[in-house]
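Reading through the structure tokens given below for one structure.
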Amino acid sequence: EKAGFDHFMLKEIYEQPKAYRDTMMGRISDDGRSVELTEIGMTADEIRAIRKIHIVACGTAMHAGLVGKTVLESLARIPVETDVASEYRYRSPIITPDTLVIVVSQSGETADTLAALREAKRCGARVLAITNVVGSSVSREADDVIITQAGPEIAVASTKAYTSQLIAFYLLGLFLAETLGTKDSAFIAEVVTAMHQLPEQVESILDNAPVLKQVAENLSKHNNLFFIGRGVDFAVAQEGSLKLKEISYIHSEAYAAGELKHGTLALIEEGIPVISLITQEDLYEKTLSNIKEVKARGAHVLGVVNEGFEGEVAKSVDELFAIPKTLPLLSPALSVVPLQLIAYYASLARGNDVDKPRNLAKSVTVE
Ligand code: F6R
């Protein structure tokens, strides 16, 4: 059932190109110029009435939501707040009938996420679910449901479900943008074209897995490391850090690159590994200056960078991993893949049970 792979996690990492294609399938018009989300029952008037969006989820699904916030705000120009589901209800959030609440859950059974969904409905908000499981509690109780077509995810560490959630957010963002007229059809067609290239681009990253295995084996000798990035790179950094923690048991922290000097820089010492994401062209100079801050204090930096920028980044980092070029908003669907592989190989190098990490369950049905 692992189809020749040593672990479900590795199999699921390699299934991502298919998961992307399946999640896009049937949701893009034949001419590639518009997104068709027939599963969304909201009328154009109802969509125009949305004043704000709350994205609520746990763990990795929350990290997809962090990217989702940037995607929806930039495409649909609707303000978005994100909350982890275990915090949401207890901060008395301002949920009004013109709020769209988006819950994200692979399993569709996470207790806190389900409770958040019920609270949102009680307050009169419309709830849209992004879930991987047809017939799950979340899918049954939400008003609208986008099913991610990742297929069953067995490994406790989520990989293809996360990236399929990103695809769902891109589709939703484009759909809302089209309805609201916040983006023109040429722009939408450009994003759709770039999305169609993602599966092959992931394949080319997977072809370089041996490089990442080597990186991970070196990292596995450390007990502490950092992930840094800005914008969506920071969101991906948080997911990379969680993935590494949960299966390799190596402590890591994800920091917004510009925040380091406000405290955490004190932890940087000789030899500490720092994984830096540098995929956003407009932020790239700024992130490079943060890399210089950690390098000056002895950090060993791996830069995850867009193809084409290697030359300029190379002088500032110790190691480079290049990902194929895509639109800035889409880069999380590529840049997370090397981080998944690093987590996998670090766990393997440490002799851990990759698919069933200690203390964790695949579906958390208690609050
Ligand atoms: C991490 C992981 C968890 C889940 C979280 C939410 O790899 O898998 O953080 O993402 O427990 O689960 P779902 O998406 O099923 O609600």
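Counting convention: from 1, in listed order, for ligands and their atoms alike. Just so you know, these numbers come straight off a predicted model, no measurement behind them.
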Heavy-atom cut-off of under 4.0 Å around ligand 1: list whichever protein residues fall inside it, by chain and number.
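For ligand 1, the contacting residues are Cys58, Gly59, Thr60, Ala61, Ser105, Gln106, Ser107, Thr110, Val156, Ala157, Ser158, Lys243, Glu246.
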
Just say parallel, tilted or perpendicular for the rings of Phe5 and Tyr14, cut-offs at 30° and 60°.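 Tilted.
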
Tell me whether Lys362 at atom NZ has more than 12 heavy atoms from other residues, nucleotides or ligands lying less than 6.0 Å away.
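For Lys362, atom NZ is crowded (more than 12 foreign heavy atoms under 6.0 Å).
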
- Query: Relative to Tyr249, does Arg350 satisfy both conditions: NZ or CZ under 6.0 angstrom from the six-membered ring centre, and within 45 degrees of the ring's axis?
  - Reply: no

Looking at Gln149, is its backbone amide N or carbonyl O close enough to the side chain of Thr23 to form a donor-acceptor pair, meaning the two atoms are under 3.5 Å apart? yes

Taking the ring centre of each residue, are His63 and Tyr162 less than 6.0 Å apart? no

Practice problem: For the residue pair Thr279 and Asn306, confirm or rule out a side-chain donor-acceptor distance under 3.5 Å. | Solution: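 Checked: Thr279/Asn306 side chains show no N/O donor-acceptor pair below 3.5 Å.
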
